[in-house]
*Asks:* 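Mind having a look at this structure? Questions to follow.
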Amino acid sequence: MSMQQQIEAKLAAALSPSHLEVINESYMHRVAPGSESHFKVVVVSQVFEGQRLLGRHRQVNAVLAEELAGAIHALALHTYTQAEWLAREQAPKTPSCVSKSPFA
């Protein structure tokens, strides 16, 4: 199972999201081709109702603690309630990495 699939499975099981995107953005960074170390996560869940942003991020980080302690170098989190997502329907775009990959 790829790291992306592992993240998706864990978040789906823990948060029962109505919307979940796990995007491998490693190619945008200074890593070897095929790396799975930088991810953008967009998760919409009723579990986040009444929680502040920091609490939501802590909850996601707790679910992915094992991955964050090892293979994942960076995790961009975009956490929303259903109402917040309906008002927005897309996460912010990821800015380009400042350093260029030596593998490109």
Side-chain angles (χ1 to χ4, degrees):
M1 179 182 300
S2 73
M3 181 57 63
Q4 183 171 348
Q5 291 169 325
Q6 189 171 329
I7 293 168
E8 290 169 348
K10 281 190 160 187
L11 292 177
L15 303 174
S16 300
S18 59
H19 180 84
L20 176 62
E21 293 177 63
V22 178
I23 304 157
N24 183 353
E25 295 185 331
S26 300
Y27 71 93
M28 298 170 62
H29 300 275
R30 194 175 174 96
V31 298
S35 293
E36 287 191 297
S37 58
H38 295 69
F39 290 91
K40 176 179 181 175
V41 173
V42 181
V43 60
V44 180
S45 177
Q46 288 304 107
V47 173
F48 297 143
E49 260 329 307
Q51 286 189 28
R52 292 185 177 179
L53 188 60
L54 183 57
R56 296 173 189 186
H57 287 201
R58 284 180 175 155
Q59 189 169 7
V60 171
N61 287 339
V63 171
L64 300 176
E66 184 179 327
E67 291 76 12
L68 288 167
I72 297 177
H73 174 74
L75 190 64
L77 298 177
H78 303 280
T79 55
Y80 304 101
T81 63
Q82 188 65 37
E84 290 167 341
W85 183 248
L86 289 174
R88 162 174 231 128
E89 292 195 10
Q90 87 179 45
K93 301 258 187 246
T94 302
S96 295
C97 184
V98 176
S99 65
K100 300 291 183 202
S101 172
F103 303 102

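All values reported here derive from a predicted model rather than from experimental measurement. In this chain, numbering begins with 1 at the start of the sequence shown.
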*Asks:* Kindly compute the distance separating CH2 (Trp85) from OG1 (Thr79), expressed to the nearest 0.5 Å.
*Replies:* 11.0 Å

*Asks:* Would you check if Tyr80 and Val42 make a side-chain contact, meaning some heavy-atom pair closer than 4.5 Å?
*Replies:* yes

*Asks:* Between Ser45 and Pro17, what is the shortest heavy-atom contact and its length?
*Replies:* CB-CA, 4.3 Å

*Asks:* Apply ring-ring contact (aromatic ring centres under 6.0 Å, His included) to His73 and list each qualifying residue two or more places apart in sequence or on a separate chain.
*Replies:* His38

*Asks:* Can you list, by chain and residue number, the hydrophobic cluster partners of Met1 when the side-chain cut-off is 4.5 Å?
*Replies:* none

*Asks:* Quick one: side chain to side chain donor-acceptor pair (under 3.5 Å) partners of Ser18, sequence neighbours excluded?
*Replies:* Gln82

*Asks:* Looking at CZ of Arg58 and CZ of Arg52, how far apart are the two atoms once the value is rounded to the nearest 0.5 Å?
*Replies:* 11.0 Å

*Asks:* Quick one: CD on Gln51 to CD on Glu49, what's the gap to the nearest 0.5 Å?
*Replies:* 9.5 Å

*Asks:* Test question: given the 4.5 Å side-chain rule for I, L, V, M, F, W and Y, name all other residues clustered with Ile23, or answer none.
*Replies:* none

*Asks:* With sequence neighbours excluded, tell me which residues meet side chain to side chain contact (heavy atoms under 4.5 Å, CB included) with Glu66.
*Replies:* Lys10

*Asks:* Which hydrophobic side chains are connected to Val43, either touching it within the sub-4.5 Å cutoff or through other members that do?
*Replies:* Met3, Ile7, Leu11, Leu15, Leu20, Val22, Phe39, Val41, Val47, Phe48, Val60, Val63, Leu64, Leu68, Ile72, Leu75, Leu77

*Asks:* Quick one: does Lys40's side chain get under 4.5 Å of His78's, heavy atoms only?
*Replies:* yes

